[in-house]
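The structure appears below as structure tokens.
Numbering of ligands and ligand atoms starts at 1, following listing order. We're numbering straight along the sequence, starting at 1.
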Amino acid sequence: MSGLPRAASRALDTALDRTVVPGFSRVGYAVRRRLPTWPADPGVGSLAGRHVAVTGASSGLGRRAALDLAALGASVHLVVRDAGRGDRVAAEVDRAVGRVGAARVWLCDVSDLESVRSFSEAFLASGLPLRALVHNAGALPETRTTSAQDHEMTMALHVLGPVLMTELLLPSLSADAGRVVFVTSGGMYTQALPVLDPDFEQGEYTGAVAYARSKRGQVELLPVLAQRWATASGVSVHATHPGWASTPGLDASLPRFSAALRPVLRSDAVGTDTTTWLVATEPAPASGLLWHDRRPRPTSVLGRTRPTEDERTRFWQWVADSTGLAG
Ligand SMILES: NC(=O)c1ccc[n+]([C@@H]2O[C@H](COP(=O)([O-])OP(=O)(O)OC[C@H]3O[C@@H](n4cnc5c(N)ncnc54)[C@H](OP(=O)(O)O)[C@@H]3O)[C@@H](O)[C@H]2O)c1
């Protein structure tokens, strides 16, 4: 397929994306990797001497991202809520790259804004510059649960905590032309921005809908955050969805889906490929876009899920008010 003309290569990639099942599965990645439009892998040692923080690095895609980023030379900071699980991954990273101290563990419950403040303060005190902050921590609770500040859990974990953490870490990020990566989900294509009910207080709660709404929130904030963080600190922001990857989280939260698609699920390494690429590729990819398999993708495919500018502004105002940031 490497002999395919570039226009045909792009058309095939787009067709895989729009037909969803082939594109999101391991098939999509296997085909795209062979196309002439596939961007080059980051060079060996491309992150040597750089610091990268990954939230939710104790499992699944976060663990894999930590391993792959360390393999490119980065010092990785595992931002986790369970010290024992974090220590196990840190030891695994050190062993894999043969560098004692390649990984360091930091405790933070990303859904709890006070915990986010404590972690960010401690990280800032270390004085380390951050090349990238990967917002990977995620969950899909079965029933409606709330965060320490009484926000619906997925919105707190996927939107409020990450936005506040980034804002507080801007001094570290701006010290190394930082890149912020949201690991979002293709599930967000099914839901609109919940401007009128961001905490899912009305209607019948289902975890999958709440999850998809919060992931939609991550994606719709991209233009706002890209402008805000570039202006303040020269920091870029990106979102990527991994497709469907075999992880403990997928097995636990969507067991039937995971079992049915098992033969075509991506490996964790494939699921996290674009995250690693966004952090390590040079020059930095354009800020404010949604990526999948190393290419920008549309943020909406259904008209009903596309917000107006006014809705996006109101959602951002809710995020700013909820996190105590100036809007
Ligand atoms: N796998 C897929 O197919 C898929 C598809 C689309 C999007 N994603 C996204 O990819 C990311 C990783 O998911 P995964 O599949 O790798 O799931 P996973 O195996 O369950 O990993 C999730 C990670 O998030 C951490 N986490 C959960 N709540 C947290 C909190 N309050 N504070 C700090 N960390 C917390 C977990 O920590 P513990 O170890 O302590 O539980 C775990 O390390 C998520 O954002 C998910 O939405 C995955």
Side-chain angles (χ1 to χ4, degrees), residues 20-21 23-26 28-29 53-68 77-90 105-116 118-119 134-141 145-149 151-162 164-165 181-190 207-208 210-219 239-255 257-262 264-275 290-293:
V20 181
V21 179
F24 285 27
S25 72
R26 62 196 301 162
Y29 182 83
V54 181
T55 69
S58 55
S59 172
L61 300 181
R63 169 189 161 275
R64 174 47 58 188
L67 283 159
D68 292 352
H77 299 270
L78 315 180
V79 185
V80 301
R81 58 180 173 172
D82 181 308
R85 287 162 70 87
D87 286 343
R88 278 197 289 282
V89 175
V105 174
W106 301 80
L107 286 182
C108 180
D109 178 336
V110 179
S111 72
D112 178 349
L113 302 177
E114 280 314 308
S115 181
V116 168
S118 305
F119 155 68
V134 178
H135 292 302
N136 164 83
L140 193 166
T145 44
T146 49
S147 69
Q149 287 74 32
H151 290 290
E152 189 280 322
M153 183 54 76
T154 64
M155 201 54 92
L157 176 58
H158 301 147
V159 176
L160 300 180
L164 179 63
M165 187 185 292
V181 180
F182 283 90
V183 180
T184 191
S185 165
M188 65 91 201
Y189 281 119
T190 63
Y211 172 88
R213 287 182 182 180
S214 65
K215 295 289 184 177
R216 162 68 59 192
Q218 294 179 322
V219 168
T240 174
H241 81 80
W244 300 319
S246 177
T247 63
L250 190 74
D251 287 347
S253 56
L254 298 172
F257 178 84
S258 179
L261 288 182
R262 181 143 322 276
V264 293
L265 287 182
R266 296 171 169 219
S267 66
D268 57 359
V270 169
T272 206
D273 171 87
T274 299
T275 298
L290 168 66
W291 297 77
H292 175 60
D293 285 350

Counting non-hydrogen protein atoms only, what is the nearest one to atom 45 (O) of ligand 1? Give residue, atom name and distance. Asn136 O, 2.7 Å
Per-atom contacts, ligand 1 versus Leu61 - under 4.0 Å to a heavy atom: 10 (O), 16 (O), 48 (C)
With distance as the sole test, does Gln149 use its side chain to make a donor-acceptor pair with the main-chain N or O of Leu113 at under 3.5 Å? yes
Once you restrict to heavy atoms under 4.0 Å, what part of Leu140 touches ligand 1? Side chain, backbone, both or neither. neither
At the 4.0 Å heavy-atom cut-off, does Arg85 count as touching ligand 1? yes
In the protein, which heavy atom is nearest to atom 46 (C) of ligand 1, and how far is it? Tyr211 OH, 3.5 Å
Rounding to 0.5 Å, atoms OG (Ser111) and CG (Leu160) come to a distance of 9.5 Å
Within-shell test, Gly243 vs ligand 1, heavy atom, strictly < 4.0 Å: yes
Region of Arg266 engaging ligand 1 - heavy atom pairs below 4.0 Å: neither
What part of Arg63 sits under 4.0 Å from ligand 1 if we count only heavy atoms: the side chain, the backbone, both or neither? neither
Answer side chain, backbone, both or neither: which part of Thr247 comes under 4.0 Å from ligand 1, heavy atoms only. side chain
Are His158 and Phe182, when compared by the centres of their aromatic rings, separated by less than 6.0 Å? no
Below 3.5 Å, N or O to N or O, backbone or side chain included: is there any such pair between Lys215 and ligand 1? yes
Please walk me through it: do Asp251 and Arg262 pass salt bridge (charged side-chain N to carboxylate O under 4.0 Å, His left out)? CA-CA 10 Å; Asp251 287 347; Arg262 181 143 322 276; 3.0 Å; yes
Keeping Asp109 on the side-chain end and Arg81 on the backbone end, is there a donor-acceptor pair under 3.5 Å? no
Could you give the distance from OG (Ser185) to NZ (Lys215), rounded to the nearest 0.5 Å? 6.5 Å
If we number the atoms of ligand 1 from 1 as shown, the ones under 4.0 Å from a heavy atom of Trp244 are 3 (O)
Kindly indicate whether the side chain of Leu61, heavy atoms from C-beta on, has any atom under 4.5 Å from the side chain of Arg64. no
Pro242 versus Thr274: any side-chain heavy-atom pair under 4.5 Å? no
Can a donor-acceptor pair be found, under 3.5 Å and without considering hydrogens, that links the side chain of Thr272 to the backbone of Asp268? no
Option nearest atom 30 (C) of ligand 1 (shortest heavy-atom distance, choices Leu157, Asp82, Thr154): Leu157
Which of the atoms in ligand 1, numbered in the order shown and given with their element, are less than 4.0 Å from a heavy-atom of Thr184? 6 (C), 7 (C)
Would you say ligand 1 has an N or O under 3.5 Å from any N or O of Val110? yes
Test item: His151 and Val159 side chains (from C-beta on) under 4.5 Å apart, heavy atoms: no
Side chains of Val110 and Pro162, heavy atoms from C-beta outward: is any pair under 4.5 Å? yes
Heavy-atom contact check, 4.0 Å cutoff: does Asp112 meet ligand 1? no
Within the structure provided, determine whether Leu157 and Ser147 are in side-chain contact (heavy-atom separation under 4.5 Å). no
Which residue is it: Leu67, Val134, Val79, Val183? I am looking for the one with a side-chain contact (heavy atoms from CB on, under 4.5 Å) to Val54. Val134
For atom 3 (O) of ligand 1, what's the nearest protein heavy atom and its distance? Ala245 N, 2.8 Å
Val183 heavy atoms, cut-off 4.0 Å: which ligand 1 atoms fall inside? 9 (C), 10 (O), 11 (C), 45 (O)
Ranked by distance from atom 17 (O) of ligand 1, the top protein heavy atom is Gly249 CA, 3.6 Å
Give the single entry among Ala252, Pro242, Ala137 that approaches atom 6 (C) of ligand 1 most closely by any heavy atom. Pro242
Check contact between Arg64 and ligand 1, using heavy atoms of the residue and a distance below 4.0 angstrom. no
Heavy atom of Gly271, distance to ligand 1 below 4.0 Å: no
Donor-acceptor pair, Thr55 side chain versus Ala137 backbone, under 3.5 Å? yes
Would you mind reporting whether Leu107 and Val80 have side-chain heavy atoms less than 4.5 Å apart? yes
Which protein non-hydrogen atom lies closest to atom 24 (O) of ligand 1, naming both residue and atom, and how far is it? Gly138 N, 3.3 Å
Among all protein heavy atoms, pick out the one at the shortest distance from atom 31 (N) of ligand 1; state its residue, atom name and that distance to 0.1 Å. Asp109 OD1, 2.8 Å
Please find the pair of heavy atoms, one from Ser258 and one from Leu265, that lie closest to each other, and give the distance. O-CD1, 3.8 Å
Which of the atoms in ligand 1, numbered in the order shown and given with their element, are less than 4.0 Å from a heavy-atom of Ser185? 6 (C), 7 (C)
Identity and separation of the nearest protein heavy atom to atom 36 (C) of ligand 1: Ser58 OG, 4.1 Å
Look only at the side chain of Arg266 and the backbone of Trp244, and say whether a donor-acceptor pair between them is shorter than 3.5 Å. no
Considering only heavy atoms of Gly60, which atoms of ligand 1 have at least one such atom less than 4.0 Å away? 16 (O), 19 (O)
Please work out whether any backbone atom (N, CA, C, O) or any side-chain heavy atom from C-beta onward of Ser59 is under 4.0 Å from ligand 1, and answer side chain, backbone, both or neither. both
Run the contact test for Cys108 against ligand 1 with a 4.0 Å cut-off on heavy atoms, strictly below, and give the result. yes
For atom 25 (C) of ligand 1, which protein heavy atom lies nearest, and how many Å away is it? Gly56 CA, 3.7 Å
